[in-house]
Q: 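Have a look at this one before I ask anything.
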Amino acid sequence: MPSMSDAEIEPRLADPHMCVFSVSRLGKGPVAIPLAYVYRDGRFYLQSSPDSLHGRLATKRGRATVTIHDEWISAVEASQWYITAEGPVAYTDDDVRAVMREILAKDRGEHVADRWLDEWLWPAARNQQVLVLEPERIAGYTFPSRLEDSSEM
């Protein structure tokens with residue numbers, strides 16, 4: 001599985017994708033949930049409730065992992081990759097509404113970001129805060145783009 005260069009990783013993090021946010025639990029498997037994010041200045045910005053299970057664990061552990069994955073497969077071609085990043089994570093005083101809008105603009109488009117935020121997300125997001133993961137390690141991997149003809153096997 002070939003590794004991606006930093007030049008290949010950066011633009012993929014700017015594309016509309018969800019990440020799987022994972023944080024460890026003692027004596028159990030990690031809590032892993034999908035979260036929207038924006039990546040800028042070398043950090044992942046997410047919105048989350050500090051009162052949620054993953055929020056409490058993130059605060060307690062102080063470390064987390066995010067994984068972003070994309071896959072497209074046809075009969076003979078495929079585009080598959082994933083990026084994983086891990087490091088310290090903490091809630092900040094950043095403006096959660098501004099971060100939510102930035103995430104929506106990235107994922108849904110500038111033309112609908114304010115409407116989604118005002119009509120759907122903001123009323124339900126009063127207890128949300130900005131959660132920032134600053135990667136100490138970030139790596140990306142790709143998979144072969146051409147699949148073998150299975151009839152010849």
Q: Which residues satisfy the side-chain hydrogen bond (donor to acceptor under 3.5 Å, both in side chains) test with His17, sequence neighbours excluded?
A: Asp70
Q: With rounding to the nearest 0.5 Å, note down the distance linking CD in Gln129 to OG1 in Thr59.
A: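 One finds 8.5 Å between CD of Gln129 and OG1 of Thr59.
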Q: With sequence neighbours left out, what residues match Ala32 under side-chain contact (heavy atoms from CB on, under 4.5 Å)?
A: Val20, Ser22
Q: Going by side-chain hydrogen bond (donor to acceptor under 3.5 Å, both in side chains), name the residues that satisfy it together with Glu8, two or more places apart in sequence or in a different chain.
A: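 Partners of Glu8 by the side-chain hydrogen bond (donor to acceptor under 3.5 Å, both in side chains) criterion, ordered by chain and then number, come out as Ser5.
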Q: Can you sort out the partners of Asp114 under salt bridge (Lys or Arg N to Asp or Glu O under 4.0 Å), two or more places apart, ordered by chain and number?
A: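 In terms of salt bridge (Lys or Arg N to Asp or Glu O under 4.0 Å), with neighbours along the sequence ignored, Asp114 is linked to Arg101.
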Q: Please give me the minimum heavy-atom distance between Ser48 and Ser52, naming the atom from each residue.
A: OG-OG, 4.1 Å
Q: For Arg40, which residues count as a salt bridge (Lys or Arg N to Asp or Glu O under 4.0 Å) partner, sequence neighbours excluded?
A: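 For Arg40 the salt bridge (Lys or Arg N to Asp or Glu O under 4.0 Å) partners, ignoring immediate neighbours, are Glu102.
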Q: Name all residues meeting the side-chain contact (heavy atoms from CB on, under 4.5 Å) criterion together with Ala90; count only those two or more places apart in sequence or in a different chain, and write none if there are none.
A: none
Q: Apart from Val66 itself, which Ile, Leu, Val, Met, Phe, Trp or Tyr residues share its cluster (side-chain heavy atoms under 4.5 Å, direct or through members)?
A: Met4, Ile9, Leu13, Phe21, Val23, Val31, Ile33, Leu35, Tyr37, Tyr39, Phe44, Leu46, Leu53, Leu57, Ile68, Trp81, Ile83, Val89, Tyr91, Leu131, Leu133, Ile138
Q: Backbone N or O of Val96 within a donor-acceptor pair of the Asp94 side chain at under 3.5 Å?
A: no
Q: Using side-chain hydrogen bond (donor to acceptor under 3.5 Å, both in side chains) as the criterion, list what pairs up with Arg43, not counting sequence neighbours.
A: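 Arg43 satisfies side-chain hydrogen bond (donor to acceptor under 3.5 Å, both in side chains) with Glu134 once adjacent residues are dropped.
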Q: For Pro135 and Gly42, work out which heavy atoms get closest and say how close.
A: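 Minimum heavy-atom contact is CD-O, 3.1 Å.
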Q: Quick test of your reading: applying salt bridge (charged side-chain N to carboxylate O under 4.0 Å, His left out), list the pairs with at least one residue in residues 55-65, sequence neighbours left out, ordered by first then second residue.
A: Arg63-Glu86, Arg63-Glu136
Q: With sequence neighbours excluded, what pairs up with Glu71 under the salt bridge (Lys or Arg N to Asp or Glu O under 4.0 Å) test?
A: none
Q: Closest approach of Thr67 and Thr65, non-hydrogen atoms and distance?
A: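 For Thr67 versus Thr65, the nearest heavy atoms are OG1-CG2, 4.2 Å.
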Q: Please tell me whether Val132 and Met100 are part of a single hydrophobic cluster in this structure, the criterion being side-chain heavy atoms less than 4.5 Å apart.
A: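 Val132 and Met100: one cluster.
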Q: Give me the atom names and distance for the closest heavy-atom approach of Pro16 to Asp107.
A: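 Reported closest heavy-atom pair: CA-OD1, 3.3 Å.
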Q: Okay, side chain of Arg25, backbone of Gly29: is any donor-acceptor separation there less than 3.5 Å?
A: yes
Q: Quick one: list whatever passes side-chain hydrogen bond (donor to acceptor under 3.5 Å, both in side chains) with Asp15, sequence neighbours left out.
A: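 If we apply the side-chain hydrogen bond (donor to acceptor under 3.5 Å, both in side chains) test to Asp15, skipping adjacent residues, there are no hits.
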Q: To the nearest 0.5 Å, tell me how far Gln47 CD sits from Asn127 CG.
A: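 Here the rounded value is 9.5 Å.
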